[in-house]
Structures are given as C-alpha cells and as structure tokens.
Protein chains: 2
Amino acid sequence: MAERRAGAKAGLSRELVFDAALDYLDSHGLPALSMRKLGAALGVEAMTLYNYVPNKDALLDGLVDRVMEIAFSGLADPAPGDWVPWMREFAHQLRGALLAHPGVLPLAGTRPVNSPDALRMSERWLAGMRAAGVPLGRAMDIVNVIATFTIGHTLAEAGQTPGHEGSEPNLDDRAGELDPAEFPNLTEILATRAGLDFDHRFTQAIDILLAGYAALDQVA
Amino acid sequence: MAERRAGAKAGLSRELVFDAALDYLDSHGLPALSMRKLGAALGVEAMTLYNYVPNKDALLDGLVDRVMEIAFSGLADPAPGDWVPWMREFAHQLRGALLAHPGVLPLAGTRPVNSPDALRMSERWLAGMRAAGVPLGRAMDIVNVIATFTIGHTLAEAGQTPGHEGSEPNLDDRAGELDPAEFPNLTEILATRAGLDFDHRFTQAIDILLAGYAALDQVA
DNA sequence: TAGCAGAAACTTACACCGTAAGAATGGAGT
DNA sequence: ACTCCATTCTTACGGTGTAAGTTTCTGCTA
C-alpha cells in the first residue's frame, strides 16, 4: 500500500465511494460498515469520504437508490393494454436486484426512496401503466403493492442478512431442537419441504396479485 | 429521583425492561435507543440491564416478539372451511399492531422471528389452516405471503419511522418542488389523492390475495 | 441474632462509532 | 516562481455496546 501524504490525490469520486460501499456491504454486511472501514477499503481516512457524501445516512440512502437503478435500468415500456407481464418483470427484477445485494435490503425496507431518480422511476411506471389503460389511482396502488410485497417477501427470504449472521438461527437450523409433539406441522414442513420454496411462493403470489388487479380493471 | 447505592433494588424484571424499551422506542425511535438511555429511563445504569438481557440485539429481538404477541393474542380459531376471514383478520391485526408500535417496524422487517413463542404461533396458524381444509404447503405459503406483504406494506406506510424523522422528506413534503412538466402523473396524484389511501390499498390487496388462494384451492 | 452467600446494582475501562474543526500538502493557473 | 484551492490527513469530542471487577443490600441458615 503506497503511502500518501495530505493533499496527494487518491483519485476518488462520488461514484467510486458508492461502488466501494456497495461492495463492502455485500461482503461484510450492514453492521460492519463504518466510515473508517470504508475509508480503509479505499485507502483513505474516514473524513476524506465526507468530501463526496454529506453524512453516512446519505451514503446509505444512495445505496438503496443505486440498487433500484440497477434493478430497473433495462426495463422496457409496456405494450399497450399489456401491463401484466410488464409488472411481473418489474417484480422479478426488483427481487433479483435485492437478492444480489442483500446488504441493502434492510435499508430498502426502512428508507423512503424519494430521490430525484426514484421519483423519475415512479413517474415512468405510472406513465407506462396509464398508457396500458390503467386508471391513475389504480396504477399507483398496483405499483406500490407489487413493490412493498416484493421488498417484504425478499426481506424474509434473505433472512438473516450478512453481518447479522449467526445471531438468530433460521428455521432449518432449528430442525433438531423442534419437538415433533409440540410442533407437528412445522416438523412435517421441514421433512417434506412443502411451502419452503421461496421462488415458487413469490412467483405465485405476484401472479395472483396481478390477475386480481387485472380482473378489477376488466369489470370496471 | 431517589439516589440508590449499589445493591439497593430497583425492582426491575425482564418484563419491565421490555416494557420500558417498547415505550422508549415508540416515543423516541430506534436510533435513539441506547442501553444507557434505556437504563436512565428506568433509573438505573446501563450495565444493570445486562442482568435481564444478554445483549442489545436480544433486547430488540424480544421487542419484535412482544409486538407479534400483542397482535395475535386475541385471534380466534378459524371456522372449518372458513379460513379466508380468519386470515384477513390476521393481516389486519398484524398491521394494526405494527402501526401502534412503529419503532419496531424496521426490526420486524429485518429480524427473523424464530423464538419459541413465534414458532408456537406459526404452528397454530398452520394447524388452523389445515383444520379449515388447506393443504400444509399451501397453508405455509399463504401465511408467509400475508405476513411478508403486511410487513412490507406497513413499512412503507409508516414511511420514515420516528427517530429517522426529517432525514428524508416524504412525497407530500415534496409537493412544492415537483415540476409538473417532468412529473405529470405524480403531480396529478398529489392533487387528486388518487392511490394514496393506504387503508384501502392494503385491504384490497389482502382481499385479492386471499381470493386468489381460495380459488386455487377450489379448483384443486 | 450473627454471619454469610448470592443477587443486584454500580464503577471503570476499552475499542469503536459519526463527524466537527483545522492543519498540511500537492497540483494547476498565472 | 508564486498563489490559490481542492484534496487529504490529524486531532478531538461525545456517544456507543459491553467485559471485568467492585460494592452493597437481602434473605437464609446457624
């Protein structure tokens, strides 16, 4: 590691800081992320980061934003009248991006995303849904329900997020201690794996929601 | 405030510590909750709390558990074959309890709840659903989908959780800065309030999900 | 009633955190 | 060559969770 004195450029940028933060989060987990450690990962003192980010909260908010951007960068526009497959893809892409960066998941759940970028995305979704013939209020409902369900479900799926690891065993880890007499159904689930397929569960629930909303629109 | 020397009883108990923590969380928010402050609220030094709780994480996990318990303490058993209204009540009670204690919401989303109490509740739901004629795997799916959607939706509804307040403005606070040319649909939503009714959105989505699952069972 | 064991509380200490304030350095423009 | 300024580092402060050790009170036994 080359020594650097005060003033010598480290070649940082806002972009680079966020990249490094996302990397650090993915590999070490949220509780381990501190300004000092992130600085160290970039070969820089903690305070240097404050040239690129006003404070840690803003950094975390930015990470959520960035993952959302990753998730939807390639999303096409819906064909007229054909918004259901479009929203389905929306849901699955969001889940995929969140699972790819589980470190930001607790942040995605907690922090309202109202950055300009996020607003632009919302606007685009609403426009797409309207173009496909969905009334505005309903479009807002659908987008929000899909998004909140996806976040909630993926939070549960990711279970203990990295860094929180080991502090709480998940259901499978507890299989041994489970008294079959007291918990016959849970025991059976662990034995048969019935109802433990997150992939299937998510897909099915999304389809139910979309079909339900589509039926509402047909009738109206 | 009466002085107390080492050894003099403060009359604490595990129960009391959790009660105080929940109160503190509800009124000051998660980021403000520290062992020292919670101790102060109980008239005790921080380290005293470690007689009742192994560490802070366990305290937080316990709070989630407690809110879940509050939510479902009065839930009846489902009538045979009539699980839909039962699950609907389950969802609405969960949402109500979470909104009543918004401080634990970010925890509820993040932490897997696998305490003995939580397992007992899961077991009861599964038993109830089976008694109403739902296959085990599907019962597991339904319960989890309802729970994760409720948590996700309520997280968004609570928006910035107390303590996180003001760090991120919500959509309404931004109404002024919104450029109607760039965000015509968002602007219209703020003006007409279409699609901003969380209550209606939640109720409708839950009903769609339950009807969808019920239809699956009918056909099968 | 005296003494003692254990519980319950306090005290001290450590390593770490976010970040405010200011000093130091290097490179770019004149 | 000299100035200016962006970039980085240094120092410092008040806060955090919690390990370790100390003090005091309470209740039991002799």
Side-chain angles (χ1 to χ4, degrees), chain A residues 1-21 24-25 28-63 103 106-107 110-111 163-168, chain B residues 1-21 24-25 28-63 103 106-107 110-111 163-168:
Chain A
M1 180 70 71
E3 291 290 314
R4 206 175 346 83
R5 315 259 281 274
K9 295 214 169 161
L12 292 194
S13 71
R14 203 179 144 81
E15 184 98 357
L16 269 172
V17 169
F18 279 116
D19 283 348
Y24 197 95
L25 212 49
H28 300 86
L30 183 57
L33 177 66
S34 76
M35 298 303 273
R36 286 180 233 259
K37 291 193 203 141
L38 177 57
L42 283 162
V44 123
E45 296 300 313
M47 290 311 292
T48 296
L49 302 174
Y50 285 86
N51 284 314
Y52 304 97
V53 157
N55 54 50
K56 192 186 180 182
D57 262 12
L59 174 68
L60 299 181
D61 286 339
L63 291 182
L107 303 173
T110 299
R111 319 205 154 224
H164 194 70
E165 243 149 19
S167 85
E168 280 273 357
Chain B
M1 180 68 71
E3 292 291 314
R4 204 174 350 84
R5 314 259 283 275
K9 296 218 166 154
L12 292 195
S13 71
R14 202 179 144 82
E15 184 98 0
L16 269 172
V17 170
F18 280 115
D19 283 349
Y24 197 94
L25 213 50
H28 300 87
L30 183 57
L33 178 65
S34 78
M35 298 303 271
R36 285 181 235 263
K37 292 194 203 139
L38 177 58
L42 283 162
V44 124
E45 297 299 314
M47 290 310 291
T48 296
L49 302 174
Y50 286 84
N51 284 315
Y52 303 96
V53 157
N55 54 50
K56 193 186 181 184
D57 263 12
L59 174 68
L60 299 181
D61 286 340
L63 290 182
L107 303 173
T110 300
R111 317 202 157 229
H164 194 70
E165 244 149 19
S167 86
E168 281 272 358

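All chains are named by letter (A, B, ...) in the order of the sequence lines, taking the proteins before the strands, and each is independently numbered beginning at 1.
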ask   = Over how many whole Å does the gap from Met35(A) atom CE to dT16(D) atom C1' extend?
value = 17 Å

remark   = Rounded to whole Å, CG of Leu49(A) lies from P of dT7(D) at a distance of 14 Å

Between the protein and nucleotides 11-16 of chain C, are there any N/O to N/O pairs under 3.5 Å, and if so, what are the atom names and distances?
none

request  = Scan for salt bridge (Lys or Arg N to Asp or Glu O under 4.0 Å) pairs involving residues 32-49 of chain A, sequence neighbours excluded, and state none if there are none.
outcome  = none

request  = Rounded to the nearest angstrom, tell me the gap between atom CG in Leu59(A) and atom P in dC17(C).
outcome  = 14 Å

ask   = Can a side chain N or O of Tyr52(B) be found less than 4.0 Å away from OP1 or OP2 on dA9(C)?
value = yes

Leu12(B) CG - dC25(D) P separation (whole Å) = 17 Å

note = When rounded to whole Å, the CG to P distance for the pair Asp57(A) and dG18(C) reads 10 Å

ask   = In whole angstrom, what separates Leu33(B)'s CG from dT16(D)'s P?
value = 10 Å

ask   = Are any non-hydrogen side-chain atoms of Leu25(A) and Leu107(A) less than 4.5 angstrom apart?
value = yes

query = side chain to side chain donor-acceptor pair (under 3.5 Å) with Asn51(B): which residues, sequence neighbours excluded?
reply = none

Residues in side chain to side chain contact (heavy atoms under 4.5 Å, CB included) contact with Ala58(A), at least two apart in sequence or another chain = Val53(A), Pro54(A), Asn55(A)

ask   = How close or far is atom C1' of dT16(D) from atom CG of Leu38(B), stated in whole angstroms?
value = 14 Å

inquiry  = A side-chain contact here means heavy atoms from C-beta on lying under 4.5 Å apart; do Leu42(A) and Thr48(A) qualify?
reply    = no

Lys56(A) NZ to dG15(D) C1', straight-line distance once rounded to whole Å = 14 Å

message = According to ring-ring contact (aromatic ring centres under 6.0 Å, His included), who are the partners of Phe18(A), at least two apart in sequence or on a separate chain?
response = none

